[in-house]
K.L.:
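Sharing a structure below in structure tokens format, with a few things to ask.
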Amino acid sequence: MSLPATVEACAAALESGAASSRELVAESLARCEAGSDLNALVSFDADGARAAAEAADARRAAGEAGPLTGVPIVVKDIFCVEGGRTTAGSRMLGDWMAPYDAHLVERLRDAGAVIVGKANMDEFAMGSSGENSAFGPTLNPWDRTRVPGGSSSGSAAAVAGGLVPGAFGTDTGGSIRQPAAFCGLTGMKPTYGRISRYGMIAFASSLDQAGPLAWTAGDAALLLGAVAGFDPRDSTSAERPVPDYLAALDESIEGRTVGFAPALMRNLPAAVQQTLEEVRRTLEACGVRFREVTLETALTGVSAYYVIASAEASTNLSRYDGVRFGHRCADPVDLEDLYCRSRAEGFGEEVKRRILTGTYALSVGYYDAYYRTAQRVRRMIRDEFLSAFADVDAILAPVTPSPAFALGENTADPVAMYLQDVFTIPASLAGLPALSMPAGLDGGLPLGAQLIGPHFGEETLFALAGAFQRETDHHRARPEAAA
Ligand code: GLN
């Protein structure tokens, strides 16, 4: 049997006996080879995946299988997988072998999911296009001259290219939602603290969160449910029960209220505007009421984000010094030479830019002007969201200003690249859950719509996305390569 496109269809095929995990994983591995031009994976572990598939089939035969048992997936190469290379897309960690499994990986193994490979990514998750990887850019399966988005570039391309039905990425300022939008997928960045980050390489610790990418809201719900929950090894992980996200998908949305913020809708390209209007009409037809909310400071978030995220990155990345972790230069003459050359050789351009910006923003004399001001803006954005959620259950917003751009189009201008995140950053700064779902095509390329919820409001987002996907077919659009 060929590999079904969705996680739920794979689960159904395994459950009914129409396919074994051995067959699905073999097909997925064959597609990873055939689709290698996408450069979606940094590494794949064929032997390990085949062994895990055999174990999954045995588990199913023993009547101990869950919905993910035997389903092939990939995880972004930012999650530690014991005994395997974990690179974070960087030369700095090019041949580093993780000594333990990330919490998310452990949970996936417990569920019986088969990790076939590690997905390519922008170096240390810094980027919006997948072009900042030390292992070369990932291509968009919808149009190989375009970027898949970033930084979870390989996770999105692996699903959209049909290599696997589901993937995990991370999102600090948009890195799940933006690639999901560019690749026609549903991506969920859960509430800050919903998934443990133990074993997930840090970029900006007050923002980083893991989450799923897949074709449908149902798949995203299933994948999130498998990995969410408290873990004492991550002090930021939330100690609260994990709801049944799959059940939330079928809840009625009649009578719920969704906000729209005029400040987020100004000067949008016509295609993005029309897409959001169509989402609104569809949800209204399901009984949702729309109501205006005020988010006047949200769009200033991008400036605050690039100060805060870079400041945190500059401290998190200080551990890569050629001594404890990471690339070590050849023949250092003294300690300073060791630090300077190891870091100069190990890090790419964008990572260096962030470290320099972040160090500057934290330095004496500039701290108040930059870092403290950025934190104030962050607080204002959060407060605006919280007062909006006094009146509405969720907020509808764009994900990206345009569909996937061409490879190379924004590489010469870092600020143009940063502005790609203008619509995803506000929810990140406020720690809110936000989902990106396919909502149309523009010139043959996918466009997404974003639903932002209150803290731990993932169920509402799944209910809205579930209803939307029952009414529309956007999540069924596939690039030719994955058809
Ligand atoms: N594109 C944003 C950045 O470069 C967001 C990255 C992310 O969410 N990891 O920082």
Side-chain angles (χ1 to χ4, degrees), residues 75-79 88-90 119-133 137-138 147-156 167-183 187-190 192 195 197 200-213 301-314 316-317 347-358 361 374 378 399-402 404-405 409-411 413-436 448 450 452:
V75 298
K76 187 175 182 174
D77 204 17
I78 199 167
F79 295 104
S90 183
N120 204 351
M121 57 181 283
D122 284 300
E123 184 175 6
F124 286 105
M126 298 174 194
S128 311
S129 70
E131 295 165 293
N132 295 342
S133 168
T138 301
V147 305
S151 64
S152 307
S153 47
S155 304
F168 279 92
T170 60
D171 189 313
T172 302
S175 284
I176 290 172
R177 290 161 286 158
Q178 187 248 20
F182 279 7
C183 290
M188 166 64 104
K189 180 201 93 75
Y192 182 75
I195 302 174
R197 303 177 301 181
M200 182 178 121
I201 293 172
F203 161 15
S205 303
S206 75
L207 295 152
D208 297 341
Q209 215 1 234
L213 296 102
V302 69
S303 314
Y305 168 87
Y306 277 96
V307 172
I308 295 168
S310 303
E312 293 182 14
S314 74
N316 272 328
L317 272 58
F347 289 133
E349 284 303 302
E350 182 58 29
V351 172
K352 286 178 190 162
R353 187 176 294 123
R354 306 277 180 115
I355 292 173
L356 290 173
T357 321
R378 180 177 194 174
V399 190
T400 59
S402 68
F405 48 88
E409 191 174 320
N410 287 318
T411 37
D413 183 352
V415 175
M417 190 70 96
Y418 297 169
L419 286 170
Q420 296 298 321
D421 306 320
V422 66
F423 297 118
T424 49
I425 279 172
S428 301
L429 287 173
L432 299 167
L435 174 146
S436 167
Q450 184 176 202
I452 303 169

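Counting starts at 1 for both ligands and their atoms, in listed order. The shown structure was predicted, so the numbers you read here are calculated from the model rather than taken from an experiment.
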K.L.:
Quick one: table the atom pairs, ligand 1 N or O against protein N or O, below 3.5 Å, distance rounded to 0.1 Å.
P.N.:
from, atom 1, to, atom 2, distance (Å)
ligand 1, 1 (N), Gly127, O, 2.9
ligand 1, 1 (N), Ser128, OG, 2.8
ligand 1, 1 (N), Asp421, OD1, 3.4
ligand 1, 1 (N), Asp421, OD2, 2.9
ligand 1, 4 (O), Gly127, N, 2.8
ligand 1, 4 (O), Tyr306, OH, 3.4
ligand 1, 4 (O), Arg354, NH2, 2.7
ligand 1, 8 (O), Thr172, N, 2.7
ligand 1, 8 (O), Gly173, N, 2.7
ligand 1, 8 (O), Gly174, N, 3.2
ligand 1, 8 (O), Ser175, N, 3.0
ligand 1, 8 (O), Ser175, OG, 2.6
ligand 1, 9 (N), Ala125, O, 2.8
ligand 1, 9 (N), Ser151, OG, 3.4
ligand 1, 9 (N), Thr172, OG1, 3.4
ligand 1, 9 (N), Ser175, OG, 2.7
ligand 1, 10 (O), Tyr305, OH, 2.7
ligand 1, 10 (O), Arg354, NH1, 2.9

K.L.:
Please test Thr170 against Asp208 for side chain to side chain donor-acceptor pair (under 3.5 Å), starting from the C-alpha separation and ending with a verdict.
P.N.:
CA-CA 7 Å; Thr170 60; Asp208 297 341; over 6 Å; no
K.L.:
Kindly state whether the ring of Tyr418 and the ring of Tyr305 have centres lying under 6.0 angstrom apart.
P.N.:
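No: the rings miss the under 6.0 Å criterion.
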K.L.:
Give me the ring orientation class for Phe124 and Phe347: parallel if the planes are under 30° apart, tilted from 30 to 60°, perpendicular past 60°.
P.N.:
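The rings of Phe124 and Phe347 stand perpendicular, inter-plane angle above 60°.
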K.L.:
Please name the residue in the list Ser151, Pro179, Ser428 that meets the side chain to side chain contact (heavy atoms under 4.5 Å, CB included) test with Asp171.
P.N.:
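By the side chain to side chain contact (heavy atoms under 4.5 Å, CB included) criterion, Asp171 pairs with just one of Ser151, Pro179, Ser428: Ser428.
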K.L.:
Check each of Gln178, Arg177, Lys76 against Ser152 using the side-chain hydrogen bond (donor to acceptor under 3.5 Å, both in side chains) test, and report the only one that passes.
P.N.:
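That would be Lys76; it is the only one of Gln178, Arg177, Lys76 passing the side-chain hydrogen bond (donor to acceptor under 3.5 Å, both in side chains) with Ser152.
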K.L.:
Mind checking the CG-OG spacing from Asn120 to Ser155? Nearest 0.5 Å is all I need.
P.N.:
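That separation rounds to 9.0 Å.
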